[in-house]
Enquirer: 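Have a look at the structure that comes next, please.
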Amino acid sequence: MDFTHSAAAFFLLALLFSTAKAIDPCAAQSDGSDLSVIPIYGKCSPFVPPKQDSWVDTVITMASKDPERLKYLSTLAAQKTTSVPIAPGQQVLHTGNYVVRVKLGTPGQQMFMVLDTSNDAAWVPCSGCAGCSSTTFSPNASTTLGSLDCSGAQCSQVRGFSCPATGSSTCLFNQSYGGDSSLSATLVQDAITLAADVIPGFTFGCINAVSGGSIPPQGLLGLGRGPISLLSQAGPIYSGVFSYCLPSFKNYYFSGSLKLGPTGQPKSIRTTPLLRNPHRPSLYYVNLTGVSVGRIRVPIPPEQLIFDPNTGAGTIIDSGTVITRFVQPVYLAIRDEFRKQVNGPFSSLGAFDTCFAATNEAEAPAITLHFSGLSLVLPMENSLIHSSSGSLACLSMAAAPNNVNSVLNVIANLQQQNLRIMFDTINSRVGIARELCN
């Protein structure tokens, strides 16, 4: 090869390298209020997936933890001061399906925090935490860290706070999470950086000890509706509005997005009222009025879908549950109508009890969720999941487990993928629009 060709080849390689760097999907954002939403086991996540044969097996494993998640959601209520016992234990990630990259403190320390719409508080493992992962936030390295004592209003706003009857002391709290885990933390304040936005004096928990297998290794970012959530603390910065677009679990190389604030939200989006339960103030309730399978409106007694603040019954949208779960009579009615319209025989695969030969997939009817003022026809990729071999297709929903005293229907993240879900807490509405999140 002569010098001219060698130079040209070198230039081409340099151009390809620089272009690859320029479009690095895992690069941190430099401007705007959009954060990447990263599948917990995606390329841009620091977490290593369990050893599975395929992404389907990984989803099945994650979905097997849903019962504990539902138990946790069912026990959420107004703020309590009950203590949760803490015992150090080795941590393994069992819940938390999507993470966002944030920075805490000054200078900023990068953490990949789990996105959770059904939790208010934010918390991260801190240096010296018993039972936590190796990646922790170092309070001593931040020049803007502030402590909070029991006299602060924020202390009484966090679930599970512990303070003496008299005198002043550091604000401590204990919480359960995911149904089988607990944490002990100290309430502190520091700057949080979300893409280009810096929120000073953000209140969060500095975890001292964990037990169980469901505490997210690098912390949790609560996007619930309570007074200590990110939305409430940000105040006019985000005006009580956020949206996310969750990428498919099977798209290893791609991330979705979390848009904070009204800027950049879809101009034209169908909405349904956002309901508020004073006994479960963190949860995003919506009014599910019915379900259709194909052209058939499934006969579901209204009392099985009705929103009841006293019992907690109704339907919520949740980012932390993997597959949509209906109370058992509702699910059985949907499943039975689905089976009528598809050729069997049917078998089970993990949490999925309606699996059939993929060669019959063309017969599979669309599932439509009817909300007040809005009907959502689920794309087939949100209704069916395939076995790793591809020979089976399964209805990707399930009943709330028998051992969970749950009255909740939960619209989960597998059914939300490749949709823009917008929450407007000021105007009490939820918007849904189709969007390719990858």
Enquirer: So do the side chains of S211 and S181 get within less than 4.5 Å of each other, counting heavy atoms only?
Expert: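 Side-chain contact under 4.5 Å: no.
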Enquirer: Would you say the side-chain atoms of Q415 pair up with the backbone N or O of S383, donor to acceptor, closer than 3.5 Å?
Expert: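 No, because the side chain of Q415 does not come within donor-acceptor range (under 3.5 Å) of the backbone of S383.
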Enquirer: Please find the pair of heavy atoms, one from T136 and one from S133, that lie closest to each other, and give the distance.
Expert: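 Nearest heavy atoms, T136 then S133: CG2-O, 3.6 Å.
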Enquirer: Which atom pair, heavy atoms only, marks the closest approach of L274 to T425?
Expert: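 Closest heavy-atom pair between L274 and T425: CD2-CA, 4.3 Å.
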Enquirer: Could you pull out the closest heavy-atom pair between V377 and A366, with the gap in Å?
Expert: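 Closest pair (atom of V377, atom of A366, distance): CG1-CB, 4.0 Å.
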Enquirer: Report the distance from atom OG1 of T203 to atom CD of Q157, rounding to the nearest 0.5 Å.
Expert: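 It comes to 8.5 Å.
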Enquirer: Nearest 0.5 Å, what's the OG1-CG distance between T321 and D116?
Expert: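 With rounding to 0.5 Å, OG1 (T321) is 8.5 Å from CG (D116).
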Enquirer: Would you say S391 and S389 are linked by a side-chain donor-acceptor pair, where the criterion is simply a distance under 3.5 Å?
Expert: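 Judged by distance alone, the side chains do pair up.
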Enquirer: Determine, stepwise, if the pair L115 / V99 fulfils side-chain contact (heavy atoms from CB on, under 4.5 Å).
Expert: CA-CA 6 Å; L115 183 72; V99 294; over 6 Å; no
Enquirer: Under the criterion side-chain contact (heavy atoms from CB on, under 4.5 Å), I'd like the reasoning laid out for Q109 against S138: C-alpha separation, chi angles, the key distance, then a yes or no.
Expert: CA-CA 8 Å; Q109 300 174 45; S138 176; 3.7 Å; yes
Enquirer: Given Y244 and F423, is the ring pair (Phe, Tyr, Trp, His ring centres under 6.0 Å) satisfied, shown in steps?
Expert: CA-CA 9 Å; Y244 56 69; F423 300 84; 5.7 Å; yes
Enquirer: Are there more than 12 heavy atoms of other residues, nucleotides or ligands under 6.0 Å from atom CD1 of I306?
Expert: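 At most 12 heavy atoms, drawn from other residues, nucleotides or ligands, come within 6.0 Å of this atom.
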Enquirer: Which pair of heavy atoms, one from L104 and one from M111, lies closest together, and at what distance?
Expert: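 Nearest pair, atom of L104 first, then M111: CD1-CG, 4.5 Å.
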Enquirer: Flag the pair R335 and D353 as a salt bridge only when some basic side-chain nitrogen lies within less than 4.0 angstrom of an acidic carboxylate oxygen.
Expert: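 So R335 pairs with D353 through a salt bridge.
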Enquirer: Just checking, is any N or O donor in the side chain of R420 or S257 under 3.5 Å from an acceptor N or O on the other one?
Expert: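 Yes.
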Enquirer: Is there side-chain contact between L246 and Y98, with heavy atoms separated by less than 4.5 Å?
Expert: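 L246 vs Y98: side chains touch.
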Enquirer: Is there a side-chain contact between V293 and I367 in this structure, where contact means two heavy atoms from C-beta onward sitting under 4.5 Å apart?
Expert: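 Yes, close enough: below the 4.5 Å cut-off.
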Enquirer: Could you go through C129 and C126, starting from their C-alpha distance and side-chain angles, then the distance that decides it, and tell me whether this counts as disulfide bond (SG atoms under 2.5 Å apart)?
Expert: CA-CA 6 Å; C129 173; C126 287; over 6 Å; no
Enquirer: Does the side-chain contact (heavy atoms from CB on, under 4.5 Å) test come out yes or no for I192 and L221, once each step is laid out?
Expert: CA-CA 11 Å; I192 185 171; L221 186 64; 4.2 Å; yes
Enquirer: Would you check if the side chain of S229 reaches a backbone N or O of G224 as a donor-acceptor pair within less than 3.5 Å?
Expert: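 Here the side-chain-to-backbone pair exists.
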Enquirer: To the closest 0.5 Å, what do you measure between CZ (R325) and CG (L408)?
Expert: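 Answer for the CZ-CG pair, R325 versus L408, is 13.0 Å.
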Enquirer: Set out, in order, the CA-CA distance, both residues' side-chain angles and the distance that settles side-chain contact (heavy atoms from CB on, under 4.5 Å) for T193 and V102, then state yes or no.
Expert: CA-CA 6 Å; T193 302; V102 307; over 6 Å; no
Enquirer: Rounded to the nearest 0.5 Å, how far apart are CZ of F112 and OG1 of T135?
Expert: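 Those atoms lie 9.5 Å apart.
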Enquirer: Is it possible for you to check whether R339 lies under 6.0 Å from the centre of the six-membered ring of F346, through NZ or CZ, and within 45° of that ring's axis?
Expert: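 Flagged: R339 positioned over aromatic ring of F346.
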Enquirer: Does the side chain of E337 come within less than 4.5 Å of V298's, by heavy atoms?
Expert: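 V298 reaches E337 side chain to side chain.
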Enquirer: Classify the angle between the aromatic ring planes of F356 and F338 as parallel (below 30°), tilted (30 to 60°) or perpendicular (above 60°).
Expert: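 Because their plane-to-plane angle lies in the 30° to 60° range, the rings of F356 and F338 count as tilted.
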Enquirer: Okay, side chain of T289, backbone of S372: is any donor-acceptor separation there less than 3.5 Å?
Expert: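 Pair absent, no side-chain N/O of T289 close to backbone of S372.
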Enquirer: Does D318 use its side chain to pair, donor to acceptor, with the backbone of V410 at less than 3.5 Å?
Expert: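 Flag not set: sc D318 to bb V410 has no pair under 3.5 Å.
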Enquirer: Is there a donor-acceptor pair closer than 3.5 Å between any side-chain N or O of N174 and the backbone N or O of G160?
Expert: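 It does not hold such a pair.
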Enquirer: Using the ring of each side chain (for Trp, its six-membered ring), is Y284 parallel, tilted or perpendicular to F242, with breaks at 30° and 60°?
Expert: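 If you compare the ring of Y284 with that of F242, the planes turn out perpendicular.
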Enquirer: Kindly indicate whether the side chain of D190, heavy atoms from C-beta on, has any atom under 4.5 Å from the side chain of F204.
Expert: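 Side-chain contact under 4.5 Å: yes.
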Enquirer: What I'd like to find out is whether the side chain of T368 reaches to under 4.5 Å of the side chain of L378, using heavy atoms alone.
Expert: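 No, their side chains stay 4.5 Å or more apart.
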Enquirer: From L369 CG over to T324 OG1, what is the distance, rounded to the nearest 0.5 angstrom?
Expert: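 Reported to 0.5 Å precision, the distance equals 7.0 Å.
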Enquirer: For residues L35 and R101, determine if any side-chain heavy atom of one lies less than 4.5 Å from a side-chain heavy atom of the other.
Expert: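 Contact flag for L35/R101 side chains = no.
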Enquirer: Mind checking the CG-CD1 spacing from L258 to I38? Nearest 0.5 Å is all I need.
Expert: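 CD1 of I38 is found 11.0 Å from CG of L258.
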Enquirer: Between E435 and N418, is any side-chain donor less than 3.5 angstrom from a side-chain acceptor?
Expert: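 No, because no side-chain N or O of E435 sits under 3.5 Å from a partner of the opposite role on N418.
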Enquirer: Indicate whether any N or O donor in one side chain lies under 3.5 Å from an N or O acceptor in the other, for D197 and Y238.
Expert: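 Yes - a donor-acceptor pair under 3.5 Å links their side chains.
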Enquirer: Quick one: does any side-chain atom of S319 pair with a main-chain N or O of T117 as donor and acceptor, under 3.5 Å?
Expert: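 Yes; judged by distance alone, with no hydrogens or angles, the pair exists.
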Enquirer: On a heavy-atom basis, which atom in M113 and which in W123 lie closest, and how many Å separate them?
Expert: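 Distance-wise, the nearest heavy atoms are CE-O, 3.9 Å.
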Enquirer: Looking at N119 and L223, would you say the former's side chain and the latter's main chain have a donor-acceptor pair under 3.5 Å?
Expert: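 Absent.
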Enquirer: Are R225 and S282 side-chain neighbours, meaning at least one heavy-atom pair lies under 4.5 Å?
Expert: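 No. Closest side-chain heavy atoms not under 4.5 Å.
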Enquirer: If every non-hydrogen atom of N382 is compared with every non-hydrogen atom of S396, which pair is closest and at what distance?
Expert: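 Heavy atoms only, the tightest pair is O-OG, 3.4 Å.
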Enquirer: Determine whether a donor-acceptor pair (N or O, by modelled atom type, separation under 3.5 Å) exists between the side chain of Q304 and the backbone of P329.
Expert: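 Absent.
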Enquirer: Do the side chain of D120 and the main chain of V158 share a donor and acceptor less than 3.5 angstrom apart?
Expert: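 No: the side chain of D120 does not pair with the backbone of V158.
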Enquirer: Are the side chain of T271 and the backbone of V430 linked by a donor-acceptor contact shorter than 3.5 Å?
Expert: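 Side chain of T271 to backbone of V430, a donor-acceptor pair under 3.5 Å: no, none is there.
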